[in-house]
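Comments concern the structure below.
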Amino acid sequence: MTLQLYNTLNRRKEKFVPVNPDRVTMYVCGPTVYSYAHIGNARPAVVFDVLLRLLRHHWSNVIFARNITDIDDKINAAAAEQGIDISEITAKYEKIYLEDMASLGVIPPDIDPHATDHIPEMIAMMEKLIAKGHAYTADGHVLFHVPSFDDYGKLSKRGQDELLAGARVDVAPYKKDPSDFILWKPSTPGLPGWDSPWGRGRPGWHLECSCMIEKHLGSTIDIHGGGADLVFPHHENEIAQSTCVSEGEDFVRFWLHNGFVNVDREKMSKSVGNVLLVHDLLKNTSGEAIRLALLNAHYRQPLDWTDDGLVQAKRMLDRLYGALRKLEDTEVTIGTKPNANFLAALNDDLNTPKALATLFDLARKANSANDIADKRRIKSELIASGQLLGILQADPEEWFSAKEYDETALDISHINKLIEARQTAKASKDYAEADRIRNELTAQGILLEDGQDGTKWRRA
RNA sequence: GGCCCGGUGGGAGAGAGGCUAUCCAGCGGAUUGCAAAUCCGUGUACAGCGGUUCGAAUCCGCUCCGGGCCUCCA
């Protein structure tokens, strides 16, 4: 079974074959840590987490790096505002980011390089670029000279002349060419800075990724992922830097980009005031439901985030966990592979909606299976498949009884007491009393399900 | 202005020349003490107009509408 991935470089799906099957490499642009992660930050984290799981299913050694941008003007601004060192800001929000992503079931990267730990590498790269004539110094800045790189624009499909036509920002006077971008800029005494051959300064944004990729993964990597907005300029600039440094070697073989998350048909932005923080969403929804809501659309499509979408994601999980709950006494066969149809869907450019459909197909079969062997196979496949998606790994009983989001909810022993009382009433055919108890529970958000082997319950 | 995506049934969302996507909601039935869950069945869906084809949501052209990027952005 072959994995097909849509490569932004060629704008089509291509068969994915790693350069070295013994060492598959993936790099994803991580967060700039200056505030809480919002739902738009969560999408690439979750999407590429599924890709990581899929890659690990196919190849035994996959190395995944995701950077932490811990030097940036937004961070500087936040630090200045609060009168603290940038490291306080970045340490705090990095921790929160990692916690929030863990709540969404995101596997931590093998390597999480920080920009500020790679200043010497950046300086070395700039020196190389200057020596080769791809960069120059001006006014305390170091700039990459875009016209020196013929392939500039190959990722975003922009000609160099088009870049000028659309420029909507005033061109800094020290630039040789309007499209040149900053590798290093001078810092004033009040700003964070590092000593360099060009004086005390700080790095521009694009350089860190090129340096950290080369240092930790090598000069050619298999996959580089990130949000669609990073195609230009960020990834285009990375290509320019890295290709020029490495003498034209292939820098990244597959460029993957996830679509944006909108909120109620509108782009998320501070000015509209519709920025949804993962941290807040987690206060009254499970991370698993948030994760599924993100995976319910294909990763390249724009995703419109709504409250209803989240409710639907929870219902979907209810259905899947309901099937697993039905099979709670069925043993799981260790080492079961994910379902073949499920895998085929994921292998087709990470088609998570289609993959989910195969899960529902399994759930339907699970709900009507009688044969022990069938039950075992279905349950095992459901769990193995869910693992690739990062869902369905919880105990179904826990899924249906979790009350962590509503502290006022009835506790389990009380619920069980009432259910017992109802059983007694039912046994003596006192259906009025039985229904009264059920209504009482329903009013508290507890739904009862009478089955062959007793009464099960769930929170609404 | 340049480049690039989309518009699918009440909602979400796949598919990409002929074959039920799926989930939620609705309706009918089975089951149930009644329910719930579950199962079975059920929907005038593919923005519009042309074209290609035996056959088009799917390919081509045009139109309309929405969105993204164009050196802050996931």
Side-chain angles (χ1 to χ4, degrees), chain A residues 8 11 28-32 37-48 72-74 146 153 156-159 161-169 171-172 175 178-182 204-206 225-234 236-237 257-262 265-270 292-293 296-298 300-304 306 308-320 322-323 325-326 345 348 351-361 363-364 366-368 400 426 429-432 434-435 438-439 442 447-452 455-458 460:
Chain A
T8 306
R11 313 271 162 150
V28 172
C29 286
T32 300
H38 54 66
I39 192 67
N41 296 310
R43 171 121 97 149
V46 168
V47 160
F48 292 108
D72 167 277
D73 284 348
K74 291 190 291 289
V146 168
S156 53
K157 304 280 181 277
R158 272 161 233 257
D161 43 337
E162 289 165 5
L163 296 171
L164 302 181
R168 64 178 183 190
V169 169
V171 176
K175 288 188 177 182
S179 58
D180 291 351
F181 58 90
I182 289 177
W205 172 37
H206 316 296
D229 57 320
L230 298 182
V231 174
F232 190 89
H234 186 52
E236 197 70 72
N237 291 355
H257 294 95
N258 64 274
F260 252 55
V261 178
N262 292 321
R265 303 286 297 154
E266 258 188 304
K267 183 174 174 174
M268 236 190 317
S269 75
K270 281 178 188 151
L292 190 65
N296 193 210
H298 184 84
R300 282 192 281 115
Q301 293 299 119
L303 174 66
D304 191 36
T306 60
D308 189 54
L310 200 49
V311 170
Q312 283 201 26
K314 189 196 171 279
R315 296 259 164 82
M316 287 172 146
L317 286 168
D318 280 344
R319 180 162 169 80
L320 295 172
R325 184 190 223 185
K326 244 186 164 110
D348 183 11
N351 193 332
T352 50
K354 198 175 179 184
L356 281 168
T358 70
L359 255 33
F360 287 109
D361 189 44
R364 187 171 41 74
N367 286 329
S368 49
F400 287 113
K426 270 178 68 180
K429 307 244 183 204
D430 184 357
Y431 293 121
D435 287 351
R438 182 170 56 206
N439 290 338
T442 304
L447 307 178
L448 299 186
E449 297 173 13
D450 291 340
Q452 288 175 341
T455 298
K456 293 178 195 285
W457 61 275
R458 63 199 287 188

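Remember, predicted model here, so these are calculated numbers, not experimental data.
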Could you check whether [X] gets within reach of a base, just the sugar-phosphate, or nothing at all, counting any heavy atom under 4.0 Å?
X         : answer
Gly226(A) : sugar-phosphate
Leu356(A) : nothing
Arg458(A) : sugar-phosphate
Asp73(A)  : nothing
Val261(A) : base
Ser156(A) : sugar-phosphate
His38(A)  : base
Lys429(A) : nothing
Gln301(A) : sugar-phosphate
Lys74(A)  : sugar-phosphate
Arg11(A)  : sugar-phosphate

Calculate, to the nearest 0.5 Å, the distance between atoms [atom1] and [atom2] belonging to [X] and [Y] respectively.
X         : Y         : atom1 : atom2 : value
Phe260(A) : Arg43(A)  : CZ    : CZ    : 10.0 Å
Asn262(A) : Met268(A) : CG    : CE    : 8.0 Å
Asp435(A) : Lys426(A) : CG    : NZ    : 9.5 Å
Asn351(A) : Arg300(A) : CG    : CZ    : 9.5 Å
Lys314(A) : Leu317(A) : NZ    : CG    : 8.5 Å

Would you mind reading off the distance between [X] atom [atom1] and [N] atom [atom2], rounded to a whole angstrom?
X         : N      : atom1 : atom2 : value
Leu230(A) : C72(B) : CG    : P     : 13 Å
His257(A) : C5(B)  : NE2   : P     : 14 Å
Lys456(A) : A36(B) : NZ    : C1'   : 13 Å
Arg438(A) : A37(B) : CZ    : P     : 11 Å
Leu292(A) : A12(B) : CG    : C1'   : 11 Å
Asn262(A) : G68(B) : CG    : C1'   : 9 Å
Leu448(A) : A35(B) : CG    : C1'   : 9 Å
Leu320(A) : U22(B) : CG    : P     : 14 Å

OP1, OP2 of [N] versus side-chain N and O of [X]: anything below 4.0 Å?
X         : N      : value
Asn367(A) : C39(B) : yes
Trp205(A) : C73(B) : yes
Asn237(A) : U71(B) : no

Which nucleotide in the list [options] gets nearest to the side chain of [X]?
X         : options                : value
Thr32(A)  : U38(B), G33(B), A74(B) : A74(B)
Arg364(A) : G67(B), U71(B), C40(B) : C40(B)
Ala434(A) : U71(B), G33(B), A74(B) : G33(B)
Pro353(A) : A35(B), G15(B), G13(B) : G13(B)
Glu449(A) : A37(B), A35(B), C69(B) : A37(B)

Tell me whether the side-chain N or O atoms of [X] pair up with the base of [N] as donor and acceptor below 3.5 Å, since no angle test is needed here.
X         : N      : answer
Asp435(A) : G33(B) : yes
Asp361(A) : C23(B) : no
Arg43(A)  : A74(B) : no

Heavy-atom closest contact ([X] atom, [Y] atom, distance):
X         : Y         : value
Cys29(A)  : Leu230(A) : CB-CD1, 3.7 Å
Gly153(A) : Glu236(A) : N-OE2, 2.9 Å
Val261(A) : Gly40(A)  : CG2-CA, 4.0 Å
Ala323(A) : Ala366(A) : CB-CB, 4.2 Å
Trp457(A) : Leu448(A) : CB-CD2, 3.7 Å
Arg11(A)  : Lys157(A) : NH2-CG, 3.5 Å

Span that lies between the [atom1] atom of [M] and that of [N], in whole angstrom:
N      : M      : atom1 : answer
C46(B) : G10(B) : C1'   : 15 Å
C69(B) : A37(B) : P     : 42 Å
U58(B) : A45(B) : C1'   : 14 Å
C5(B)  : C62(B) : P     : 15 Å
U8(B)  : A47(B) : C1'   : 10 Å
G11(B) : C70(B) : P     : 32 Å
G17(B) : G1(B)  : C1'   : 37 Å
A36(B) : A30(B) : P     : 14 Å

Could you label the plane-to-plane angle of the His206(A) and Phe181(A) rings as parallel, tilted or perpendicular, counting under 30° as parallel and over 60° as perpendicular?
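His206(A) vs Phe181(A) ring planes: perpendicular.
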List the protein contact pattern of nucleotides 24-31 of chain B with one symbol per nucleotide (5' to 3'): B for base contact, S for sugar-phosphate-only contact, - for none; contact means a heavy-atom distance under 4.0 Å.
S-------
Map every base of RNA chain B to its dot-bracket character, where paired means a Watson-Crick or G-U wobble contact with both distances under 3.5 Å and | marks a partner outside the strand.
(((((((..(((.....[...))).(((((.......)))))....(((((..]....))))))))))))....
Hey, which of these two, Lys354(A) or Asn41(A), hits RNA chain B nearer its 5' end, going by closest nucleotide?
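Looking at the nearest nucleotide for each, Lys354(A) comes out on the 5' side.
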Using heavy atoms to find the nearest nucleotide of RNA chain B for Asp450(A) and Asp308(A) separately, return the residue whose nucleotide is more 5′.
Asp308(A)
Has Phe260(A) got its ring stacked on the base of A74(B), with centres under 5.5 Å and planes less than 30° apart?
yes
For A57(B), decide between syn and anti, treating a glycosidic angle within 90° of 0 as syn.
syn
Any chance you could lay out the salt bridge (Lys or Arg N to Asp or Glu O under 4.0 Å) test for Arg315(A) and Asp318(A), step after step, and finish with the verdict?
CA-CA 5 Å; Arg315(A) 296 259 164 82; Asp318(A) 280 344; 5.2 Å; no
Side chain of Asp180(A), backbone of Val146(A): donor and acceptor closer than 3.5 Å?
yes
